[in-house]
2 protein chains.
Amino acid sequence: MKLQKTTEYSLRILIYMAKESEKIHTAKSILENLNISDKYLRRIMTQLTKFGFITSVQGKEGGYFFAKKLEDISIADVINAFEGLEKYSGCVLGFEECSDENPCAFHYKWKEFRSNLIKFLKTTNLSNIEVEQILKF
Amino acid sequence: MKLQKTTEYSLRILIYMAKESEKIHTAKSILENLNISDKYLRRIMTQLTKFGFITSVQGKEGGYFFAKKLEDISIADVINAFEGLEKYSGCVLGFEECSDENPCAFHYKWKEFRSNLIKFLKTTNLSNIEVEQILKF
DNA sequence: TCTATATGCTACTTGTTTGTAGTATTTAAT
DNA sequence: ATTAAATACTACAAACAAGTAGCATATAGA
Ligand code: SF4
Ligand code: SF4
């Protein structure tokens, strides 16, 4: 499980915002807490908006707030939006298809593992994460 | 878990060679079975040789054969040689450190998962893979 | 209306991975 | 020695990801 930097940052941002989920967060305030460069963060915020996770408010007093309920944003949703979940739910060895009929050498060992991973990613969302325990940003 | 293409290919090659582990395999014969371009495959073979997984024999009647016992080549070893295992054993969110004292929001959910993954990669090796079941290359 | 404070868009730069081309080297067999 | 069949090396090209820069747009409030 190695996510792209952009996805890592997105998750960090959303988790950070979820800590005070009612508040409107500015790019500047997020910047000061997470270690992401100004312009890069900006672009990610716009993408998060386009994907419908958050809503942006332009102009003075503007910023970003959640467009959905926290429980409706799973880790899998975020990964899927930015880079596609198939990448991780697909074959570890990069084969086209994976089935019991046409197995590779990993098949029986890997199959179970992978389904656990996907289940974990789909059921873990911004509301059932241990937000209160977060020390790290 | 998304490996680099080069690592995917390396694993495929080694698994393929393990099917007839005593034989000397030529790049040409591997090429015909796995779908990797000539020059790319060649480079990977040389790397596998340098990493000590296989031994190369130059000249006519040459090719590659295993330099180690199959049980001494784990998936983790291969990943580690090509791209570093830390990439996958490290933080999903890209933080520097991961500890119980300084947890992130995923910590307790993710920790167990990750240790299972690493254990799986370290204990799965070329000898305990279901080689006889392989249909796919 | 003007200004300060926000986000949005487009284009570029840099770095890494993936893939390709051409040439050199090695060695068994004749 | 020559040849054929193999691997090794170096450099380049293409695709993608990561990161940066500058200008455009929106809006609350003085
Ligand atoms: S079980 Fe085999 S074929 Fe299926 S995804 Fe895993 S490596 Fe690929
Ligand atoms: S538990 Fe948290 S800090 Fe540790 S590796 Fe996972 S995401 Fe990173």
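Throughout, protein chains are lettered first and strands after them, A, B, ... in sequence-line order, and every chain is numbered starting at 1. What you see below is based on every heavy atom in this structure, not just the backbone, and it leaves out hydrogens, waters and symmetry mates.
Within 6.0 Å of the NZ atom in B/K68, the count of heavy atoms belonging to other residues, nucleotides or ligands exceeds 12. The environment of A/K87 atom NZ is dense: over 12 non-hydrogen atoms of other residues, nucleotides or ligands sit within 6.0 angstrom.
Put simply, A/K50 has a side-chain N or O that comes within less than 4.0 Å of OP1 or OP2 on C/dC9. Side-chain nitrogen and oxygen atoms of A/S56 include at least one within less than 4.0 Å of the OP1 or OP2 phosphate oxygen of C/dG8. For the pair A/Q58 and C/dA6, the criterion of a side-chain N or O lying under 4.0 Å from OP1 or OP2 is not met. Contact between the side-chain N/O atoms of A/T26 and the OP1/OP2 oxygens of C/dA6 is not found at any separation under 4.0 Å. Remark: A/S37 is in phosphate contact with D/dT20, judged by side-chain N or O atoms under 4.0 Å from OP1 or OP2. Phosphate contact (OP1/OP2 of D/dA21, side-chain N/O of A/Y40, threshold under 4.0 Å): absent. Taking only side-chain nitrogens and oxygens, A/Y64 comes nearer than 4.0 Å to OP1 or OP2 of C/dG8. Within the 4.0 Å cut-off from OP1 or OP2 of C/dG15, not a single side-chain nitrogen or oxygen of A/K5 is found.
Between B/T7 and A/G59, the residue whose closest nucleotide on DNA chain C is further toward the 5' end is A/G59. Nearest-nucleotide assignment on DNA chain D puts the 5′-proximal partner with A/Y9, out of A/E61 and A/Y9.
Summarising the geometry, the separation between CG on B/L31 and C1' on D/dA5 is reported as 14 Å, rounded to the nearest angstrom.
At a threshold of 4.0 angstrom between heavy atoms, the contacts of B/T49 with the nucleic acid are absent. Heavy atoms of A/F82 sit nowhere under 4.0 angstrom from any nucleic acid atom.
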Open item on the list: One pair to check against side chain to side chain contact (heavy atoms under 4.5 Å, CB included): A/M45 and A/I30. What are the steps and the verdict?
Closed with: CA-CA 10 Å; A/M45 297 313 288; A/I30 296 171; 3.6 Å; yes
TODO: Please report the C-alpha distance between A/F53 and A/F66 in whole Å, then the side-chain angles of each, then the deciding distance to 0.1 Å, and finally whether the ring-ring contact (aromatic ring centres under 6.0 Å, His included) criterion is met.
DONE: CA-CA 6 Å; A/F53 296 117; A/F66 282 104; 9.2 Å; no
- [ ] Go through the steps for A/I129 and A/I15 under the test side chain to side chain contact (heavy atoms under 4.5 Å, CB included), then give the verdict.
- [x] CA-CA 8 Å; A/I129 255 174; A/I15 292 167; 4.1 Å; yes
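An end-to-end axis angle of 10° holds for the helix from C/dT1-D/dA30 to C/dT30-D/dA1, taken from five base pairs per end and rounded to 10°.
Taking the side chain of A/R42 as heavy atoms from C-beta on, and the options C/dT27, C/dT7, D/dA28, the nearest nucleotide is C/dT7. For A/Q4, counting side-chain heavy atoms from C-beta on, the closest listed nucleotide (D/dA17, C/dT27, D/dA8) is D/dA17.
Put simply, the side chain of B/K39 and the base of C/dG22 share a donor and an acceptor less than 3.5 Å apart. Between the base of C/dG8 and the side chain of A/R43 there is no donor-acceptor pair shorter than 3.5 Å.
In this structure, B/Y64 and B/V57 have side chains that are not in contact, with every pair of non-hydrogen atoms separated by 4.5 Å or more. Considering only heavy atoms from C-beta on, B/E8 comes within 4.5 Å of B/K2 through its side chain.
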